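Here is the structure we will look at, set down as structure tokens.
Every number for a ligand or one of its atoms is a count from 1 in the order of the listing. Computed from a predicted model, the values in this text were never measured in an experiment.
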Amino acid sequence: MNLLERELHYPLGDTLPPSGKTLEVAPGIRWIRMALPFALDHVNLWLLRDTIGGVEGWTVVDCCIAHDDSRAQWEEIFSTGLDGLPVLRVVVTHMHPDHIGLADWICKRWNAPLWISATDFYVAHVLSSQGDSLAGGDDAADFFAAHGLSDPKVLESIRRRSDYYSELVPSVPRRFVRLLDGDSIDIGGQAWRCIGGYGHAPEHIALYCASSNILLGGDMMLPRISTNVSVHAGEPEADPLKLFLKSIERFDELPSDALGLPAHGKPFTGIHQRVRQLQDHHRDRLAELLEACMLRPHTAAEGMPILFKRQLDVHQTTFAMGETIAHLHLLWFSGQLQRQLGTDGVYRFGRFPDRAAPSA
Ligand SMILES: [Zn+2]
């Protein structure tokens, strides 16, 4: 939760689009807010008025998870929120279930193409079809165990969550149009520039329109919660926090009064302040972890309560572990900490005496 939220401005106040309805936030841009059955209880989706090949219609940005509730809300929007026009294109900012879950269903229903980054397209296919997930399955349980998670009940329930992704994303379109950092795409006669972002998803694409001064920030620029930045079992040696902090610098290049349309939370201005808040937030957490690890080596499981002081359920534990490892990895890769694999098969991060280093 962002304690400095007052530094941001919400031009619509507390107004939210009702379930199954849209709310116009700028000419030709409609906001849809769908409920999610998680701690993160909603996702924002967007409709952009568009014309493709002389046909009038809408570009959809992000899709929600493949649940019947979300399909029902889409059905209502299809019949009452599109002014009788078709969906012409589906843009997905990244491969997480709340963004890509219903993309295949919407694309098939409207015979509309999916536009997404190449990396996220292929990762979505792998996770949707192989019955494994970012946050569950044997690989994830083994990975978290190697980072000190030892509660057998928690590990067992992580092991059992092997179909988490494919339940929320049962299918992915077989073809796509590639979104690439720096590309400009025409939506309804306006140019939207793709801004690649890393560290949250493999290749997240935010979209910025200079003429309307609007940023579709996806999950990379959220006003209230901080974007999850995690190390996952599939890329265990990653340094995603470095990538994330580098990525958000890009939003500093936008005009200071740009309107941010985030995937979670409300439309806001104050993007530069938000970049600063996120930088400070991670700097403070890195400092806390560093201090603890300097006193004595810590596993990620031991570091987790330093960053997350509240009680966590299994789902939140997987996020919190991934995020703690991300912070430890930044400290490790930047040379501020070392990593040691104990005889118990568990990684610890700290400052180790010279004799602990492998001899040359
Ligand atoms: Zn996401």
Side-chain angles (χ1 to χ4, degrees), residues 1-2 32-46 60-67 70 90-104 114-128 132-136 140 161 164-169 172 179 181 194-207 215-235 238 240-241 243-248 250-251 260-266 268 274 278 281-282 315-316 318-323 325-326:
M1 200 71 96
N2 178 10
I32 299 165
R33 190 177 189 273
M34 285 195 188
L36 292 174
F38 314 121
L40 182 58
D41 65 358
H42 73 279
V43 60
N44 298 325
L45 320 169
W46 308 94
V60 165
V61 179
D62 287 337
C63 302
C64 203
I65 56 173
H67 274 191
S70 334
V90 175
V91 169
V92 167
T93 55
H94 65 295
M95 44 61 68
H96 289 157
D98 44 336
H99 301 261
I100 202 173
L102 280 177
D104 196 36
L114 169 68
W115 293 49
I116 187 173
S117 73
T119 319
D120 281 45
F121 175 76
Y122 289 112
V123 172
H125 265 285
V126 169
L127 294 181
S128 174
D132 200 4
S133 76
L134 292 173
R161 298 172 85 232
Y164 178 77
Y165 190 90
S166 54
E167 268 183 13
L168 302 173
V169 189
V172 178
L179 293 176
D181 178 55
C194 297
I195 303 175
Y198 309 91
H200 172 64
E203 191 184 354
H204 182 291
I205 299 288
L207 292 164
L215 173 73
L216 285 161
D219 275 359
M220 287 297 288
M221 190 36 60
L222 303 173
R224 192 177 174 85
I225 54 171
S226 68
T227 300
N228 179 267
V229 177
S230 281
V231 181
H232 301 287
E235 193 188 354
L241 186 53
L243 297 177
F244 178 76
L245 291 171
K246 185 123 196 70
S247 295
I248 60 173
R250 302 281 303 278
F251 300 117
L261 302 182
H264 310 284
K266 295 175 289 187
F268 72 106
R274 189 59 183 136
L278 289 165
H281 168 78
H282 288 294
H315 184 65
Q316 291 164 332
T318 62
F319 277 94
M321 276 296 290
E323 189 136 337
I325 299 166

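Evaluation of the salt bridge (charged side-chain N to carboxylate O under 4.0 Å, His left out) test over residues 33-43, restricted to residues two or more places apart or in two chains, returns none.
Partner of H99 under the ring pair (Phe, Tyr, Trp, His ring centres under 6.0 Å) criterion, out of H200, H94, H204: H94 alone.
No side-chain heavy atom of Y165 sits under 4.5 Å from any side-chain heavy atom of V126.
L243 meets the side chain to side chain contact (heavy atoms under 4.5 Å, CB included) test with Y198; sequence neighbours excluded. Scored by the side chain to side chain donor-acceptor pair (under 3.5 Å) test, S70 finds no partners at all (sequence neighbours excluded).
When atom types are taken as modelled, the side chain of S128 and the backbone of H125 share no donor-acceptor pair closer than 3.5 angstrom.
Counting only distances under 2.8 Å, and ignoring water, the protein N, O or S atoms around the Zn ion (ligand 1) are H94 NE2, H96 ND1, H200 NE2, D219 OD2.
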